[in-house]
Every structure is written in C-alpha cells, then in structure tokens.
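What's counted below: heavy atoms across the whole structure, side chains too, no hydrogens, waters or symmetry copies. Please read these numbers as outputs of a predicted model, since none were measured by experiment.
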Amino acid sequence: MKKYPFLVLNLLILTLVLVILLGENHQKREKEANEDLAVSYILKSNEREEKKTKLLKLLEQTIEEELPGVVSWGDSLTYGSGGEGVTYPRVLQNLIEQHVYHDIPVINMGVRGETSSTIAGRAGGTPFVVSSFTIPKEVTKVEIHITSSTGEPVAPLRHGDKGVNPVTINGVQGIISIDKQSKGENIYYFERLGRGEAVPVKDGTVIETVGMKKFQNYIPIIFIGQNGGYKTDQQLVDQIKSIIQMEKYNENYLVLGLTTGTAESRIQLESLMETAFGEKYVNLRELMSTNGLKLANISPTTEDLTAMETGAIPPSLLSDKVHFNAKGYEVIGKIVFHRMEQLGYFDSVKQLVKELNEI
C-alpha cells in the first residue's frame with residue numbers, strides 16, 4: 001500500500017511532462033502554421049503586385065497606342081465662345097476622367113473666327129503654302145504670303161496660335177507672326193530661330209506647322225465650317241478627310257455636324273456627311289434639337305418648341321444665334337462622349353482599368 005503514493009506521484013509527473021510536451025508541440029505546430037500563412041500571404045501579395053505591375057504596363061502601352069489623348073480641331077464653337085468658361089472639350093475631359101481613366105487629355109484646338117480652310121491648314125491636313133521668297137541669313141523678319149495648298153484664302157493667327165508655331169519652311173525652323181490690318185487683310189512675317197545660310201523658298205512650299213507633328217495617335221474631333229472657307233459641301237467633306245486621314249492618326253475619329261440652320265436647310269450637307277463618315281459623323285443639329293433640352297434638364301419655352309419644330313437648336317441652349325451657353329456646351333460634351341463609347345473607343349482602356357481595380 002505504501003507503494004501507491006509513489007506510483008501516483010510518478011503518474012502525476014508523467015502526466016505533467018506529457019502536457020508540457022504536447023503544449024510545446026501544439027505551439028510549434030501553431031507557429032509553423034502562422035509562418036506558413038505569412039509566407040502564403042507574402043507570396044499572394046507579391047503575385048498581386050506582379051500582376052498589377054504587368055497590367056499597369058499594359059495599360060500604359062494601350063493608352064499610348066490607342067488613346068493617348070483627344071484633339072478637338074475647330075473654331076469658336078470648339079473654343080467655347082458664349083459658354084462663360086464651359087467648353088465641350090472640357091466637359092468631355094471630365095467625363096473621360098470620371099468614367100474611363102484619369103490620364104487621357106482632351107486638347108482644345110479651337111480658334112475663334114477661323115474658316116475651315118484655315119483650321120485644316122493649322123492641323124496640317126490641307127497645309128498652308130507660301131509664295132516664293134528668300135529666308136535671310138540673319139534672325140530678322142521677312143514678309144511672306146500664305147494661302148491654302150488648294151488655293152483657298154486663309155487667315156491664321158488672328159485670334160490664336162494653336163497648332164501653328166513653331167513652323168518649318170524648307171528645312172528652316174522659325175516663327176510666323178501677323179500684322180493685322182483694319183480692312184481685314186493681314187500681313188505675315190517669317191523669322192528664323194537662328195542664324196544660318198540664306199535659303200531660297202520656291203512658290204508653293206509647304207509650311208510645316210507644329211500641329212502637323214503633334215498628337216500622334218490622338219483621336220481627332222473635327223468641328224469646322226461655320227465660318228465658311230469652302231465653296232461646296234463636298235469641299236468641306238474633303239477638308240475634313242484631309243485631317244482625319246493624316247498618317248499620325250489611327251482610324252478612330254469623330255466629325256461634328258454644323259449646328260446652325262434647320263433640317264430643311266441642312267439636308268444636303270448632312271446627307272453628304274453621313275455618307276462620307278457613317279457612325280463617326282455626329283449630327284449635332286438634329287440631336288440637340290430633339291434631345292438637347294432633355295439632356296440639359298431644361299423645360300422648353302414657346303420659342304424652344306417653335307425652333308424644334310423646324311429642327312433648329314432651342315434658344316435655351318444658345319448664347320446668341322450661333323454660339324452655345326454653358327448648358328449647350330455641356331450637352332455637346334455628353335453627346336460626344338456617348339458616341340465615343342458607342343464606337344468602342346474606350347473599351348480596351350476600361351477593361352484594363354476594371355481588371356486593375358479587381359486585384
């Protein structure tokens with residue numbers, strides 16, 4: 001009987017040792033499991049970062065090749081006259097930032113009062129040419145005479161320098177300046193940027209504007225013709241084609257139709273535009289006449305209804321007979337964004353952004 005207390009004591013000690021050993025083993029397994037979880041988390045995190053890096057690189061490449069930006073060529077309707085700071089390119093920019101990606105610029109190349117031939121010259125589609133003259137050795141101004149390559153009169157620089165300077169004439173880089181005359185005739189000068197040899201320039205030599213070289217792969221939006229600059233509707237179509245068919249642009253573009261006039265007065269031009277450009281032609285007059293007030297959340301007035309019956313723009317969207325107010329330019333921006341979405345111009349970028357956000 002005296003042996004029992006000793007056995008009990010040994011059992012208790014053995015039990016205690018087992019408990020300790022089991023506890024240490026459990027802690028060891030728990031530590032190993034935690035370490036495995038940490039390693040797994042790090043590996044997954046590294047995989048996510050690696051995938052994110054690859055997607056970001058692919059996104060940058062896609063943007064560079066397909067959508068580095070949008071360039072809006074036009075006159076005062078693109079510039080935004082009457083909009084009190086609101087322009088359709090700025091509205092478009094905001095919509096792209098909100099719904100597509102934050103790093104895609106929309107460049108406003110609108111200059112007030114310019115004809116279609118002048119705008120096509122700035123853009124480089126139907127370039128400006130000069131009459132024969134000699135570029136002097138010194139850095140000094142020399143008078144030049146400018147026309148369109150198709151013979152149309154042009155008047156750049158009267159209200160802005162977007163897409164013109166610096167220019168290159170016969171291999172010599174320089175600046176074109178203007179002396180505005182009261183009778184509307186303008187005197188132009190060329191001044192080379194640095195001294196060099198005298199260079200003779202032949203009649204009809206092309207003026208290479210900066211607009212001819214910039215905006216590689218940008219999507220051009222063409223909104224021209226309100227101020228004339230063409231003799232026939234077909235000539236306006238040809239001027240637009242000369243811009244969108246430049247090698248630096250891809251096949252994505254938009255052409256915005258003229259917004260003055262009625263359905264009856266514009267039927268010939270609009271039919272020609274639709275045939276030439278298909279879905280890439282936006283009949284702004286028709287869309288804004290029928291849906292403009294709804295998009296602007298404006299109740300029509302009696303004057304609006306009268307205008308809409310003829311297919312004209314409702315006065316509530318206008319600041320004068322030609323130009324839009326802030327609400328009008330907002331509607332144009334929305335219409336342009338919606339058409340670009342319909343044509344799939346944002347699809348590749350939006351898909352990559354979606355995949356990035358899901359990581």
Using only atom types and a distance under 3.5 Å, with no angle test, would you say the side chain of [X] pairs donor to acceptor with the backbone of [Y]?
X    : Y    : result
K180 : R158 : yes
S289 : A312 : yes
R122 : M109 : yes
N291 : K294 : no
N357 : V353 : yes
S116 : G228 : yes
S117 : P153 : yes
E270 : R285 : no
D304 : S316 : yes
S148 : V154 : no

Legend entry - side-chain contact (heavy atoms from CB on, under 4.5 Å) between I96 and F346, intermediate numbers included: CA-CA 9 Å; I96 290 175; F346 305 129; 4.0 Å; yes

Under a 4.5 Å cut-off applied to non-hydrogen side-chain atoms, are [X] and [Y] in contact?
X    : Y    : result
M288 : I332 : yes
E64  : N217 : no
M340 : V70  : yes
V237 : M273 : yes
I135 : V201 : yes
L92  : I221 : yes
I175 : L193 : yes
F128 : Y188 : no

Does atom [atom1] of [X] have more than 12 heavy-atom neighbours, drawn from other residues, nucleotides or ligands, at distances under 6.0 Å?
X    : atom1 : value
Q342 : CD    : yes
E264 : CD    : no
K202 : NZ    : no
E358 : CD    : yes
D320 : CG    : yes
H338 : NE2   : no
E274 : CD    : no
K248 : NZ    : yes

Legend entry - L67 vs T62, side-chain contact (heavy atoms from CB on, under 4.5 Å): CA-CA, chis, key distance, verdict: CA-CA 7 Å; L67 191 60; T62 301; over 6 Å; no

Inset, instruction - On the 0 to 90° scale, with breaks at 30° and 60°, tag the F277-Y253 ring pair as parallel, tilted or perpendicular. - result: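 It falls in the perpendicular class, over 60°.
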
Please report the closest heavy-atom contact between [X] and [Y], naming both atoms and the distance.
X    : Y    : answer
P220 : I244 : CG-CG2, 4.4 Å
K280 : L343 : CG-CD1, 4.1 Å
K241 : A276 : CE-CB, 4.1 Å
A307 : P314 : CB-CA, 4.3 Å
K334 : L295 : NZ-O, 3.2 Å
S319 : G82  : OG-CA, 3.5 Å

Hydrogens and angles aside, do [X] and [Y] bring a side-chain donor and acceptor to less than 3.5 Å of each other?
X    : Y    : result
D238 : Q234 : yes
S177 : E191 : no
Q235 : E152 : yes
T126 : S242 : yes

Would you kindly confirm whether [X] and [Y] end up in one hydrophobic cluster when ILVMFWY residues are joined by side chain heavy atoms under 4.5 Å apart?
X    : Y    : answer
V106 : F223 : yes
V111 : Y88  : no
L317 : V322 : yes
V172 : Y189 : no
V206 : V164 : no

Legend entry - Working for side-chain contact (heavy atoms from CB on, under 4.5 Å), residues F337 and V100: CA-CA 10 Å; F337 178 78; V100 183; 4.0 Å; yes

Quick check for you: to the nearest 0.5 Å, what is the distance between [X] atom [atom1] and [Y] atom [atom2]?
X    : Y    : atom1 : atom2 : value
N252 : Y345 : CG    : OH    : 4.5 Å
I119 : T78  : CD1   : OG1   : 7.0 Å
K162 : K214 : NZ    : NZ    : 11.5 Å
Y249 : I219 : OH    : CD1   : 11.0 Å
Q226 : E114 : CD    : CD    : 14.0 Å
E330 : T87  : CD    : OG1   : 10.5 Å

Inset, instruction - Flag the pair Y79 / H159 as yes when their ring centroid distance falls below 6.0 Å, and as no otherwise. - result: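 Y79 vs H159: aromatic centres not under 6.0 Å.
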
Legend entry - Name of the residue among N108, I107, V71 meeting side chain to side chain contact (heavy atoms under 4.5 Å, CB included) with P89: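 With P89 as partner, side chain to side chain contact (heavy atoms under 4.5 Å, CB included) holds for just one option, N108.
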
Under-4.0 Å salt bridge between [X] and [Y]:
X    : Y    : answer
E279 : R339 : no
E50  : K54  : yes
K51  : E355 : no
R195 : E138 : yes

Inset, instruction - Could you please spell out the steps behind the side-chain contact (heavy atoms from CB on, under 4.5 Å) verdict for L258 and L77? - result: CA-CA 10 Å; L258 297 181; L77 293 169; 5.9 Å; no

